[in-house]
Each structure stands twice: as C-alpha cells, then as structure tokens.
**Q** 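So that we are looking at the same thing, I have put the structure below in structure tokens.
In what follows, every chain begins at residue 1, and chains take the letters A, B, ... in the order their sequences are listed.
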Amino acid sequence: GAVVSQHPSRVICKSGTSVKIECRSLDFQATTMFWYRQFPKKSLMLMATSNEGSKATYEQGVEKDKFLINHASLTLSTLTVTSAHPEDSSFYICSARERRDPDYEQYFGPGTRLTVT
Amino acid sequence: AQSVTQLDSQVPVFEEAPVELRCNYSSSVSVYLFWYVQYPNQGLQLLLKYLSGSTLVKGINGFEAEFNKSQTSFHLRKPSVHISDTAEYFCAVKGPVRGKLIFGQGTTLQVKP
C-alpha cells in the first residue's frame with residue numbers, strides 16, 4: 001500500500017513552453033502533498049506544500065507564478081512549470097501524506113526528470 | 001530552526017564490510033527522525049524512522065539506526081553491506097510546521113566488490 005505515482009517520468013520541452021507534472025496517491029487519500037526539487041548530487045529542496053482544496057504554501061524563494069501547484073482532489077496534485085527555461089531543468093519529486101496518519105509519514109513518488117532545451 | 005547535518009558526503013566501503021552513515025540534527029523540540037534511500041533516477045524509499053520508544057530502530061534491508069538524544073545523532077548502520085546497497089542516503093527530521101521534512105545533504109554509499 002501507500003503508493004505514489006508521478007507522470008511523466010521524463011519530459012523534454014523547449015524553452016518558453018509550459019510543462020505539467022502529475023502526482024497521484026494510488027491507494028490512499030492524501031490531504032497534503034509536497035513538491036521537491038533536487039539538483040544533481042544535492043539534497044531535496046522543498047518547493048511547496050499543498051492541501052486539498054486550498055492554495056499551496058510556497059517556500060521562500062520559490063516563484064509562485066512560475067511553479068503553479070493545484071491540489072484539486074485527495075488523490076491528485078499537479079505542478080506546472082510555466083515559461084520553462086534551461087535553469088528549470090531538474091528532478092522534481094512529490095510526496096503525499098495520508099489522511100489521519102498519526103506518524104506523519106510521507107510517501108514519495110518516483111520523480112520526474114525535466115529537461116528544458 | 002531545525003537542521004540536519006550528514007557528516008560524510010561519500011562513504012566508500014568493500015562488500016560485506018560494516019558501514020555507518022552519520023547524521024546529526026539540531027532541534028529545540030521533540031523530533032521525528034528518518035532515513036531514506038534513493039537509487040539513481042528514482043524517488044526516495046523509507047529505510048526506517050524514529051518517532052518514540054526504543055532508541056534502536058530496525059529498518060528494511062538490514063539497516064538500523066540509533067537515536068542518541070544527548071549527542072543529537074541518528075547514525076545509520078549495517079553490519080554487512082552488499083553491492084546493491086550502493087545509493088544515496090538521506091537523513092531527515094520532521095519540522096514543527098505542516099509536517100515538513102528537513103533533509104540533510106545526503107551521503108553517497110559506494111560499495112566496492
């Protein structure tokens with residue numbers, strides 16, 4: 001149980017275009033989802049936290065208008081990178097926290113490799 | 001503010017040897033501590049976690065970690081590593097706000113034959 005999927009696993013897009021990444025909790029309801037960015041050989045950087053039905057809370061330094069996050073249902077959150085540029089190329093990972101989970105465990109998706117050319 | 005420091009960026013070790021990956025944290029409140037493993041181009045998999053109770057925590061794949069409050073450490077150990085343990089390992093602490101996980105910088109475990 002507690003599986004989180006991401007789609008697509010890899011995406012290449014041209015500079016100036018927008019890309020949407022989906023994060024789904026397959027067998028549980030996720031009241032909270034997290035979006036991380038990971039640079040090569042670096043740790044994970046939390047970008048934002050999204051609660052179902054509410055606006056996402058962004059971490060300091062993350063551009064809200066560039067990284068649009070939507071958490072419209074208890075099983076789906078999306079991250080849209082708008083007007084992507086080469087510096088946005090990275091590995092994006094989502095995680096989900098199960099409703100009523102007292103242990104506060106986050107289940108991670110497999111990640112999405114974004115390359116902007 | 002809470003923070004996590006992984007003291008070694010890379011740990012090379014021979015197969016079947018024991019290994020310890022070090023993690024220190026700073027926090028003024030009670031903490032939950034986690035170790036995750038990441039294989040190349042994959043997401044994170046939970047190895048083990050400390051929430052409360054026994055300070056020695058056993059996880060998957062033969063790993064264990066010990067919570068030491070006085071030394072603010074949560075070192076990860078395995079008595080005998082395999083080639084397949086080669087991966088990136090992250091220590092994390094759960095912060096007090098919205099369940100955010102704060103990650104260390106990661107340690108690359110390189111198991112050599």
**Q** Just by modelled atom types, is the Gly106(B) backbone N or O under 3.5 Å from a matching donor or acceptor in the Ser43(A) side chain?
**A**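 No, the answer is negative, given that no donor and acceptor are paired below the 3.5 Å cut-off.
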**Q** Is it the backbone or the side chain of Gln6(A) that comes under 4.5 Å from a heavy atom of chain B, or both, or neither?
**A**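 Looking at Gln6(A), nothing touches chain B.
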**Q** Side chain, backbone, both or neither: which part of Tyr36(B) has a heavy atom under 4.5 Å from chain A?
**A**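 When you check distances to chain A, only side chain atoms of Tyr36(B) fall under 4.5 Å.
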**Q** Taking a hydrophobic cluster as the set of Ile, Leu, Val, Met, Phe, Trp and Tyr residues connected by side-chain heavy atoms closer than 4.5 Å, whether directly or through intermediates, do Leu56(B) and Ile60(B) fall within one such cluster?
**A**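 In one cluster with Leu56(B): Ile60(B), no.
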**Q** For Lys66(A), is the NZ atom crowded, meaning more than 12 foreign heavy atoms sit under 6.0 Å from it?
**A**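 It does: Lys66(A) NZ has more than 12 such atoms within range.
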**Q** Between CD of Glu88(B) and NZ of Lys42(A), what distance do you get to the nearest 0.5 Å?
**A**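 The CD atom of Glu88(B) sits 11.0 Å away from the NZ atom of Lys42(A).
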**Q** How long is the straight-line distance from CZ of Phe34(B) back to CD of Gln106(A), given to the nearest 0.5 Å?
**A**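 Nearest 0.5 Å value for the CD-CZ distance: 7.5 Å.
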**Q** Are more than 12 heavy atoms, taken from residues, nucleotides or ligands other than Tyr39(B), located less than 6.0 Å from that residue's OH atom?
**A**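 Counting neighbours around OH of Tyr39(B), more than 12 heavy atoms of other residues, nucleotides or ligands fall under 6.0 Å, so yes.
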**Q** Would you compute the distance between atom CG of Leu44(B) and atom CD of Gln38(A) and round it to the nearest 0.5 angstrom?
**A**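 Taking CG in Leu44(B) and CD in Gln38(A), the distance rounds to 7.0 Å.
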**Q** Atom NE2 of residue position His85(A) - does it have more than 12 heavy atoms of other residues, nucleotides or ligands inside 6.0 Å?
**A**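 Count over threshold, so yes.
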**Q** Could you look at Leu46(B) and say if it's the side chain, the backbone, both or neither that has a heavy atom under 4.5 Å from chain A?
**A**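 Just its side chain gets close to chain A.
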**Q** Heavy-atom pairs under 4.5 Å with chain B are the metric here; pick the option from Phe91(A), Phe108(A), Tyr36(A) that has the most.
**A**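 Winner by heavy-atom pair count: Phe108(A).
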**Q** With a 4.5 Å cut-off on side-chain heavy-atom distances among I, L, V, M, F, W and Y, is there a chain of contacts connecting Trp35(A) to Val11(A)?
**A**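 Yes.
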**Q** If you group Ile, Leu, Val, Met, Phe, Trp and Tyr by side-chain heavy-atom gaps below 4.5 Å, do Val4(A) and Leu76(A) land in one group?
**A**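 No, Val4(A) does not connect to Leu76(A) through the hydrophobic network.
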**Q** Applying the 4.5 Å side-chain criterion to the ILVMFWY set and letting contacts propagate, would Val81(B) and Ile83(B) be lumped into a single cluster?
**A**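 Yes, it is one cluster - the side chains of Val81(B) and Ile83(B) are joined through contacts under 4.5 Å.
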**Q** What part of Phe90(B) gets within 4.5 angstrom of chain A, counting heavy atoms only: side chain, backbone, both, or neither?
**A**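 Contact with chain A is through the side chain of Phe90(B) alone.
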**Q** Going from CD on Gln38(B) to CD1 on Ile93(A), what distance comes out if it is rounded to the nearest 0.5 angstrom?
**A**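 The CD1 atom of Ile93(A) is 5.0 Å from CD of Gln38(B), to the nearest 0.5 Å.
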